[in-house]
Amino acid sequence: MGIISVEHTDRLYWLGRYSERVYTTLKIFEKYFDSLIELREDEYISLCESQDIPNIYTSIEDFSNRYCFDGSDPNSIYSNLIRAYDNAIVLREEIGSETLSYIQLAVYAMNKAAVSDAPLIQLQKVSDNIVAFWGIADDSIDNENVRDLIKLGKRVERIDIYSRFKMDGSELRREIKRLNTRIKTVNIRYSHKRLMHLNYLVEEEEPDYAEIVKEVEALIQ
C-alpha cells in the first residue's frame, strides 16, 4: 500500500475538500452568473453569512464577479481552485500526472471564464474537469489510501456545504451514510464521538444545521 507522510495525508484530504468546494459552490452559484437580476441584495448577503465569509462586496455585480474569479479574495471559488491545484502539484507522485492534469484544465477553464462575456460555458468546463479528476483518480491511483483520503475530504466538505445551505435532510443522511463507510477505510485520526453525534443530528426531523457544521469541521483530528 505504501506509507503516506503526515503532510501528504493532510494534503490529500484537503485536495478532496477544495475540489468538492469548487464543484458544489459552482453548482449553487452558476444560475446567478448569467442573469444577475435573479439575485437580490439580501440573498447574496445571506449567502455570505451562510458560509461565514465577510461581506466585502459593494454590489450584486461585484459579489458575482469577485466571489467567482478574484484571486485576491481568499474566499473566492478561484482561490479555492488554486488551493486544490497547489496541493495536487505537491502530490504529483501520489496521484499521477494524468490525474493532476484535470485540475490544471479546471484552472485553465476558470481563467478563460474570467475574461469571457458569457462565462457559463467555461464554468461548466471547470465542473466537468473536477468530475473527470475524481473519475481518473478512482481509476488510475493504485494506492487505496490515497484514493480514500481524497474521497473522505470530498465527503466532509459536501456535508459542510449542504449544512451551511440548509439542504434537505435526506441529502444529508445520504452523505453521512457515505461518510460512515469511507472514514473506516482511511488511515486518519477522527473523533468517533463526533461521528456518532453527526449520525444522530441528521436523523432529527429538523436538523440543527449549525451544530452539524460544527461537528463535521471538528471530525478529523
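Because only heavy atoms are used, hydrogens play no part in the values below, and waters and symmetry mates are left out as well, while side chains stay in.
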Taking every non-hydrogen atom, the tightest pair across Ala137 and Arg147 | O-CD, 3.5 Å

Do you know which two heavy atoms are closest between Thr99 and Ser140, and how far apart they sit?
-> OG1-OG, 3.3 Å

How are the rings of Tyr18 and Trp14 set to each other: parallel, tilted or perpendicular (split at 30° and 60°)?
-> tilted

In terms of hydrophobic clustering (I, L, V, M, F, W, Y; side-chain heavy atoms under 4.5 Å; direct or indirect links), are Tyr200 and Val216 co-clustered?
-> yes

Is Glu93 atom CD crowded by more than 12 heavy atoms from other residues, nucleotides or ligands, each under 6.0 Å away?
-> no

Heavy-atom pair with the smallest gap, counting every atom of Tyr85 and Val107 = CB-CG2, 4.1 Å

Check whether any side-chain heavy atom of Leu172 lies under 4.5 Å from a side-chain heavy atom of Leu201, and answer yes or no.
-> no

Hey, does Arg66 have a side-chain heavy atom less than 4.5 Å from the side chain of Ser76?
-> no

Count the heavy atoms of every other residue, nucleotide or ligand shown that sit under 6.0 Å from CZ of Arg83, and state whether that count exceeds 12.
-> yes

Quick one: pull up CD1 in Ile103 and CG in Leu81 and give me the separation to the nearest 0.5 Å.
-> 6.5 Å

Given the rule in the side chain to side chain contact (heavy atoms under 4.5 Å, CB included) test, do Ile28 and Ile161 qualify, once you have shown the distances and angles that lead to the verdict?
-> CA-CA 10 Å; Ile28 291 170; Ile161 295 175; 3.9 Å; yes

Specify the closest pair of heavy atoms between Ala113 and Pro119, including all atoms of both residues, with the distance to one decimal.
-> O-CB, 3.4 Å

Are Val131 and Tyr102 joined in one hydrophobic group, where the rule is that I, L, V, M, F, W and Y side chains link up if heavy atoms are under 4.5 Å apart?
-> yes

Establish, from distance only, whether the side-chain atoms of Asn199 and Asn180 form a donor-acceptor pair under 3.5 Å.
-> yes

With hydrophobic residues grouped by side-chain heavy-atom distances under 4.5 Å, do Phe133 and Val90 end up in a single group?
-> no

Check step by step if side chain to side chain contact (heavy atoms under 4.5 Å, CB included) holds for Tyr13 and Val186.
-> CA-CA 10 Å; Tyr13 170 73; Val186 180; over 6 Å; no

Indicate if Phe69 and Tyr108 have the same hydrophobic cluster label, given that clusters are the connected sets of ILVMFWY residues with side-chain heavy-atom separations under 4.5 angstrom.
-> no

Does a side-chain heavy-atom distance below 4.5 Å link Leu179 with Ile176?
-> yes

In this structure, CE of Met110 is separated from SG of Cys68 (nearest 0.5 Å) by 4.5 Å

is_close_aromatic(Trp134, Tyr23), centroid dist under 6.0 Å | yes

Answer yes or no: is there a donor N or O on one side and an acceptor on the other, between the side chain of Asn145 and the main chain of Asn187, under 3.5 Å?
-> yes

Is the distance between the ring centroids of Phe63 and Tyr57 less than 6.0 Å?
-> yes

Exercise: do Thr185 and Asp148 side chains pair donor with acceptor under 3.5 Å | yes

Ile82 side chain reached by Ser79 side chain, heavy atoms, under 4.5 Å | no

Is there a side-chain contact between Thr25 and Asn80, using heavy atoms and a 4.5 Å cut-off?
-> no

Any idea how Tyr190 and His192 line up, ring-wise: parallel (<30°), tilted (30 to 60°), or perpendicular (>60°)?
-> tilted

Pro54 to Asn75 - nearest heavy-atom pair and separation | CD-ND2, 3.7 Å

Using atom types as modelled and distance alone, determine if a side-chain donor or acceptor of Arg194 lies under 3.5 Å from a backbone N or O of Leu219.
-> no

Taking side chain as C-beta onward, heavy atoms only, is Val213 less than 4.5 Å from Ser163?
-> yes

So do Gln51 and Phe165 actually touch side chain to side chain, heavy atoms under 4.5 Å?
-> yes

Verify same cluster id: Ile77, Ile45 (apolar side-chain graph, 4.5 Å) | yes

Donor-acceptor contact present, side-chain Ser19 to main-chain Gly16, <3.5 Å | yes

Should we count CD1 of Ile56 as having more than 12 external heavy atoms under 6.0 Å?
-> yes

Without swapping roles, check the side chain of Tyr67 against the backbone of Cys48 for a donor-acceptor pair under 3.5 Å.
-> no

Worked check of side chain to side chain contact (heavy atoms under 4.5 Å, CB included) between Val22 and Ser127 | CA-CA 8 Å; Val22 170; Ser127 297; over 6 Å; no

So which heavy atom on Ser59 is nearest to which on Asp62, and how close?
-> OG-N, 3.1 Å

Would you say the side-chain atoms of Arg11 pair up with the backbone N or O of Leu91, donor to acceptor, closer than 3.5 Å?
-> no

Which side-chain N or O atoms in residues 149-160 pair as donor and acceptor under 3.5 Å with protein atoms at least two apart or in another chain?
{"residue": "Lys151", "atom": "NZ", "partner": "Asp138", "partner atom": "OD1", "Å": "2.5"}
{"residue": "Arg155", "atom": "NH1", "partner": "Glu175", "partner atom": "OE1", "Å": "2.7"}
{"residue": "Glu157", "atom": "OE1", "partner": "Arg17", "partner atom": "NE", "Å": "2.6"}
{"residue": "Glu157", "atom": "OE1", "partner": "Arg17", "partner atom": "NH2", "Å": "2.8"}
{"residue": "Glu157", "atom": "OE1", "partner": "Arg21", "partner atom": "NH2", "Å": "3.1"}
{"residue": "Glu157", "atom": "OE2", "partner": "Arg21", "partner atom": "NE", "Å": "2.8"}
{"residue": "Arg158", "atom": "NE", "partner": "Glu20", "partner atom": "OE2", "Å": "2.9"}
{"residue": "Arg158", "atom": "NH2", "partner": "Glu20", "partner atom": "OE1", "Å": "3.1"}
{"residue": "Asp160", "atom": "OD1", "partner": "Arg164", "partner atom": "NE", "Å": "2.4"}

Test log, rule side chain to side chain contact (heavy atoms under 4.5 Å, CB included), inputs His8 and Glu94 = CA-CA 9 Å; His8 282 205; Glu94 283 82 4; 2.7 Å; yes

For the residue pair His197 and Lys193, establish whether any side-chain heavy-atom pair is separated by less than 4.5 Å.
-> no

Side chains of Gln124 and Asp128: is there a donor and an acceptor less than 3.5 Å apart?
-> yes

